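This report refers to the structure that appears directly beneath it.
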Amino acid sequence: MTEDISFSVALPCDAERISWPQGHENTDITREHNTFLVAEEAPLALVYNGIDYAVMMITPHDIDDFVAGFSFTEDIISSVSDLRHIKITAQPDGLRADVRVNAQALRKVLARTRRPIAGRTGCGICGADMESVTNCKICSVTGREPDAGAIHKALENLRSHQVLNKGVGMLHAAAWCLPNGHIVHVREDVGRHNALDKLIGYGLKHQLDFTQGFCFLTSRCSYEMAAKAIAAGMSAVVSLSAPTALAVRTARAAGLVLISPARTTGMYMVSPAPQN
């Protein structure tokens with residue numbers, strides 16, 4: 001695989017700052033020139049053995065991890081050994097990932113006759129046909145409830161681990177925490193599902209045991225987030241924002257422990273189902 005190529009993840013944006021003293025919204029308005037950082041968002045074309053598969057909007061960082069994680073959660077590969085080579089190149093209108101996979105993975109690509117999908121930043125399954133979502137088989141995992149103190153520790157320390165988000169304030173993060181709540185790996189992206197794919201890709205490449213600890217998401221936990229965590233074999237997911245109803249049903253059916261929303265003042269364990 002190629003080394004991850006470095007691209008700008010944030011750019012300065014010139015703007016006019018409009019402000020007023022607190023409690024005086026209609027008076028004493030001031031205007032001044034200002035510059036602040038905005039997160040970059042780049043289209044990444046994923047091409048498997050010369051076949052266009054998808055275009056995903058990503059933060060151009062840890063791209064190799066994203067390609068590995070996306071390929072796995074899309075069920076194109078069953079392990080990183082199915083990946084033969086990844087080459088990331090800059091294009092006039094974005095980025096391109098030329099991915100070489102083995103014969104078994106290539107058959108999966110060829111079997112999917114749908115046209116290439118375009119993945120918006122906020123959606124993990126855009127372009128997928130209805131049947132591929134409703135009939136998706138969800139495997140089972142062995143759920144392990146994290147210690148409440150460990151979750152609280154991760155909550156207090158997560159922001160300091162969001163290196164790319166400093167000064168930008170708009171990137172999602174997916175973090176892997178040890179059973180004691182110590183954060184050991186973080187991946188960030190403008191897309192919450194991209195951040196999780198990056199974390200999963202990193203874990204696959206480094207044989208990370210996703211049963212020993214928990215995943216922490218700074219975003220809401222929607223269906224595709226639960227499905228990706230289950231596919232990776234994670235035992236528990238904690239998210240800052242609330243889950244969707246489908247995410248709860250998916251987690252409960254698979255045995256995934258889902259704690260969402262989580263705050264320093266308290267949290268909800270929505271899966272497994274509460275005991276009567």
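Not measured: the values here are computed from a predicted model.
One finds the CZ atom of Phe72 at 8.0 Å from the OG atom of Ser78 (value rounded to the nearest 0.5 Å). Here the straight-line distance linking atom CD1 of Ile51 with atom CG of Leu106 works out to 5.0 Å at 0.5 Å rounding. For the atom pair Thr142 OG1 and Leu256 CG, the distance stands at 11.0 Å (nearest 0.5 Å). Once rounded to the nearest 0.5 Å, the distance linking CG of Asp189 with CD1 of Ile63 reads 9.5 Å. The line from OG1 of Thr59 to CG of Asn194 is 7.5 Å long, rounded to the nearest 0.5 Å. Residue Lys228 holds its NZ atom at 12.0 Å from SG of Cys221, rounded to the nearest 0.5 Å.
In the hydrophobic clustering of this structure, Val248 groups with Tyr268; members are Ile, Leu, Val, Met, Phe, Trp, Tyr whose side-chain heavy atoms approach within less than 4.5 Å, directly or through other members. Under the 4.5 Å side-chain heavy-atom criterion for Ile, Leu, Val, Met, Phe, Trp and Tyr, Ile58 and Leu37 are members of distinct hydrophobic clusters. Note on Val141 and Leu246: same hydrophobic cluster, where clusters join Ile, Leu, Val, Met, Phe, Trp and Tyr whose side-chain heavy atoms are under 4.5 Å apart, directly or indirectly. Ile230 and Met234 fall within the same hydrophobic cluster, where Ile, Leu, Val, Met, Phe, Trp and Tyr residues are linked whenever their side-chain heavy atoms come under 4.5 Å apart, directly or through other members. Tyr53 and Leu110 fall within the same hydrophobic cluster, where Ile, Leu, Val, Met, Phe, Trp and Tyr residues are linked whenever their side-chain heavy atoms come under 4.5 Å apart, directly or through other members.
The side-chain heavy atoms of Asp93 and Pro43, taken from C-beta on, include no pair separated by under 4.5 Å. Side-chain atoms of Met57 and Val190, non-hydrogen and from C-beta on, never get closer than 4.5 Å to each other. The shortest distance between side-chain heavy atoms of Val99 and Asn49 does not fall below 4.5 Å. For the pair Leu44/Phe66, a side-chain contact is recorded, criterion being any heavy-atom separation below 4.5 Å from C-beta on. Side-chain contact between Val238 and Leu155 is absent, with no heavy-atom pair separated by less than 4.5 Å. Using a 4.5 Å heavy-atom threshold, the side chains of Ile151 and Met269 count as separate. The closest side-chain heavy-atom distance from Cys215 to Leu196 is below 4.5 Å. Within the 4.5 Å cutoff, the side chain of Glu224 has no heavy atoms near those of the Asp197 side chain.
Formation of a donor-acceptor pair under 3.5 Å by the Ser71 side chain with backbone atoms of Ile76 is not found in this model. Arg84 places a side-chain N or O within donor-acceptor distance of the main-chain N or O of Ser81, the cut-off being under 3.5 Å. Remark: side-chain polar atoms of Glu188 are paired, donor with acceptor, to backbone N or O of Asn165 under 3.5 angstrom. In this structure, Thr35 contributes its side chain and Pro12 its backbone to no donor-acceptor pair below 3.5 Å. Distance alone, capped at 3.5 Å, places no donor-acceptor pair between the Asp14 side chain and the His33 backbone. Between the side chain of Ser260 and the backbone N or O of Ser241, at least one donor-acceptor pair lies under 3.5 Å. Asn34 contributes no side-chain N or O that, together with a main-chain N or O of Ala15, makes up a donor-acceptor pair within less than 3.5 Å. At distances below 3.5 Å, not a single donor-acceptor pair connects side-chain atoms of Arg187 with backbone N or O atoms of Ile200. Not one N or O on the side chain of Lys198 forms a donor-acceptor pair closer than 3.5 Å with the backbone of Ala174.
Closest heavy-atom contact between Ala236 and Arg144: CB-O, 3.4 Å. The two residues Ala226 and Ala247 have their closest heavy-atom pair at CB-O, 4.1 Å. Residues Pro179 and Ala150 share a closest heavy-atom pair of O-CB, 3.2 Å. Ile183 and Cys177 make their closest contact through CG1-SG, 3.8 Å (heavy atoms, listed as atom of the first residue, atom of the second, distance). Nearest approach of Val270 to Pro243, heavy atoms of both residues: CG2-CG, 4.3 Å. The two atoms that bring Gln91 and Leu95 nearest to each other are CG-C, 4.1 Å, heavy atoms only.
In summary, Arg96 and Asp98 engage in a salt bridge, as defined by a charged side-chain N under 4.0 Å from a carboxylate O.
Judged as a side chain to side chain donor-acceptor pair (under 3.5 Å), and not counting sequence neighbours, Thr244 has no contacts. Checked against side chain to side chain donor-acceptor pair (under 3.5 Å), Asn102 has the following partners two or more places apart in sequence or in another chain: Asp82.
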Could you walk me through whether Lys108 and Asp75 satisfy the side chain to side chain contact (heavy atoms under 4.5 Å, CB included) test, starting with their C-alpha distance in whole Å, then the side-chain angles of each, then the deciding distance to 0.1 Å, before giving a yes or no?
CA-CA 8 Å; Lys108 292 182 180 180; Asp75 194 31; 3.5 Å; yes
Stepwise side chain to side chain contact (heavy atoms under 4.5 Å, CB included) test for Lys205 and Asp64:
CA-CA 10 Å; Lys205 291 193 297 182; Asp64 277 11; 3.8 Å; yes
Given the rule in the side chain to side chain contact (heavy atoms under 4.5 Å, CB included) test, do His193 and Thr73 qualify, once you have shown the distances and angles that lead to the verdict?
CA-CA 10 Å; His193 51 91; Thr73 58; over 6 Å; no
Would Val237 and Met225 count as a side chain to side chain contact (heavy atoms under 4.5 Å, CB included) if you check the C-alpha gap in whole Å, the side-chain angles of each, and the deciding distance to 0.1 Å?
CA-CA 9 Å; Val237 170; Met225 302 297 277; over 6 Å; no
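Using a 30° and 60° split on the angle between ring planes, Phe216 and Phe214 fall in the tilted class, from 30° to 60°. Ring geometry for His185 against Tyr202 counts as tilted: the plane angle lies between 30° and 60°, on a 0 to 90° scale.
Side chain to side chain, Thr211 and Ser235 fail the donor-acceptor criterion of an N or O pair below 3.5 Å.
Within the structure, ring-ring contact (aromatic ring centres under 6.0 Å, His included) contacts touching residues 151-182 (residues at least two apart or in different chains) are Trp176-Phe210.
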